[in-house]
Amino acid sequence: MSEAHKALLDGLAATIATLHPDRRIRVAIDGVDGAGKTVLADALAPLVIAKGRPAIRASVDDFHNPRAVRYARGRYSSDGFFLDSYDYPAFRRLLLDPLGPGGSGNYTARHFDHRTDQNVAPSPRQAAATAALIVDGIFLHRPELRDCWDLSIFLHVDFAVSMARNAARDGTPDTANPQTPSYRRYVGGQQRYLAECTPQQAADIVIDYDNVGTPAVLKWEL
């Protein structure tokens, strides 16, 4: 890991560890597929804990809709990807609202396994009174989620970079080819999100993550 990346992680962890220290907070790490959201969130959580604040890791990917809902508009529909991928009512009810102001702290971090296309057996837990929830995922600045975040981070990555990362990660080279239906589904849905929800404007922090070794802070407004 480069010194620039270490410095960024330390700055983000310090910000999370000290934000509203008297209550639970919810932190979003948003960006397109392949931006590096999960890796960043996984790296941040132990750093936040080391700075004295309990941390909870979760992902919107554990709140997918069933396959029949996700593909109801067509297997390669970009609108279906944007509109139907996730069960946002469950995401809020089980995870975000319990960890928000006035919430019970009794949360469930996993609801649905999109690989098996089945619900996950409920496993509720009680959060510490000052825990920081760190959530990674796409579309986290949609209107129905925007008011949930005490801090939101957006990783800006060009699609050529992000889709190549996806293809390497998942072993699916077709997702990096603009001529394939899968590319059109995923990139098209995300382009709609970027245009309609303007996450870079809504986020508190925006980071250029095209090169993980030399990340560049484009915006930091807290």
Side-chain angles (χ1 to χ4, degrees), residues 8-9 11-12 15-16 19-20 25-41 44 58-65 69-70 73-74 76-93 95-97 99-101 132-166 175-176 178 182-212 214-222:
L8 174 66
L9 287 173
L12 291 171
T15 297
I16 294 168
L19 183 65
H20 302 305
I25 62 169
R26 299 164 296 179
V27 179
I29 300 181
D30 189 11
V32 299
D33 272 337
K37 305 177 297 296
T38 302
V39 174
L40 177 62
L44 279 175
S59 175
V60 74
D61 282 341
D62 290 316
F63 291 85
H64 270 89
N65 276 318
V69 176
R70 299 201 309 274
R73 300 173 198 264
Y76 297 109
S77 168
S78 59
D79 289 337
F81 182 58
F82 175 58
L83 296 172
D84 303 325
S85 286
Y86 298 103
D87 185 346
Y88 294 118
F91 187 45
R92 290 199 60 150
R93 182 181 73 254
L95 181 65
L96 300 183
D97 292 346
L99 297 178
L133 171 67
I134 302 174
V135 180
D136 72 88
I138 60 174
F139 305 155
L140 294 184
H141 287 92
R142 290 175 61 111
E144 58 264 67
L145 300 178
R146 194 170 290 187
D147 66 345
C148 293
W149 311 117
D150 296 285
L151 174 68
S152 65
I153 300 163
F154 184 83
L155 302 182
H156 169 77
V157 176
D158 290 339
F159 279 114
V161 174
S162 67
M163 298 311 285
R165 289 178 185 170
N166 271 349
T175 59
S182 59
Y183 183 99
R184 292 194 293 273
R185 171 180 171 85
Y186 297 119
V187 172
Q190 292 172 95
Q191 286 174 331
R192 178 173 173 180
Y193 169 64
L194 296 178
E196 292 186 10
C197 301
T198 58
Q200 294 196 60
Q201 294 181 30
D204 300 300
I205 297 172
V206 178
I207 301 165
D208 186 322
Y209 226 49
D210 271 338
N211 187 331
V212 175
T214 56
V217 175
L218 306 178
K219 175 184 177 183
W220 193 296
E221 297 179 358
L222 302 177

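In the model, Thr38 has a side-chain atom that pairs as donor or acceptor with a side-chain atom of Asp136 under 3.5 Å.
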Working for side chain to side chain contact (heavy atoms under 4.5 Å, CB included), residues Arg26 and Leu95
CA-CA 10 Å; Arg26 299 164 296 179; Leu95 181 65; over 6 Å; no

Report the C-alpha distance between Leu96 and Leu133 in whole Å, list the side-chain angles of each, state the deciding distance to 0.1 Å, and finish with yes or no for side chain to side chain contact (heavy atoms under 4.5 Å, CB included).
CA-CA 9 Å; Leu96 300 183; Leu133 171 67; 3.8 Å; yes

Checking side chain to side chain contact (heavy atoms under 4.5 Å, CB included) for the pair Val135/Asp30: CA distance, chi angles, key distance, verdict?
CA-CA 8 Å; Val135 180; Asp30 189 11; over 6 Å; no

Assess whether ring pair (Phe, Tyr, Trp, His ring centres under 6.0 Å) is satisfied between Phe81 and Tyr193, documenting all intermediate values.
CA-CA 10 Å; Phe81 182 58; Tyr193 169 64; over 10 Å; no

Starting from the C-alpha separation in whole Å, work towards a yes-or-no answer on side chain to side chain contact (heavy atoms under 4.5 Å, CB included) for Leu19 and Val27.
CA-CA 10 Å; Leu19 183 65; Val27 179; 5.6 Å; no

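Taking all atoms of both residues into account, the shortest heavy-atom contact from Lys37 to Val32 is NZ-O, 2.8 Å. Looking at every heavy atom in both residues, His156 comes nearest to Leu218 through CB-CD1, 4.4 Å. Pairing each heavy atom of Asp33 with each of Ser162, the nearest pair is O-CB, 3.0 Å. Here the shortest heavy-atom pairing between Tyr76 and Ser182 reads CD2-N, 3.6 Å. Heavy atoms only, all atoms of each residue included: Ala202 and His141 are closest at CB-CD2, 3.7 Å.
Going from atom CD of Glu196 over to atom CD of Gln191 covers 12.0 Å, rounded to the nearest 0.5 Å. One distance of note links CD1 of Ile25 with CD1 of Ile134; it measures 8.0 Å at 0.5 Å rounding. Distance check, rounded to the nearest 0.5 Å: CZ of Arg146 to SG of Cys197 gives 6.0 Å. Summarising the geometry, atom CD1 belonging to Ile205 is positioned 5.0 Å from atom CD1 belonging to Ile153; distances are rounded to the nearest 0.5 Å. Going from atom CG of Leu145 over to atom OG of Ser152 covers 11.0 Å, rounded to the nearest 0.5 Å. Rounded to the nearest 0.5 angstrom, His64 NE2 and Arg70 CZ are separated by 5.0 Å.
The aromatic rings of Phe139 and Tyr86 sit perpendicular to each other, their planes meeting at more than 60°, with 30° as the lower class boundary.
The main-chain N or O of Glu144 is found under 3.5 Å from a side-chain atom of Arg92 such that the two form a donor-acceptor pair. A donor-acceptor pair under 3.5 Å links the side-chain atoms of Lys219 to the main chain of Ala203, judged by distance alone. Formation of a donor-acceptor pair under 3.5 Å by the Arg185 side chain with backbone atoms of Ser77 is found in this model.
Residue pairs meeting the salt bridge (charged side-chain N to carboxylate O under 4.0 Å, His left out) criterion with at least one partner in residues 198-212, sequence neighbours excluded, are absent.
Under the 6.0 Å distance and 45° angle rule, Arg142 counts as a cation-pi partner of Phe82.
Considering only heavy atoms from C-beta on, Tyr186 stays 4.5 Å or farther from Ile138 through its side chain.
Between Asp87 and Arg93 no salt bridge is recorded (no basic side-chain N to carboxylate O distance below 4.0 Å).
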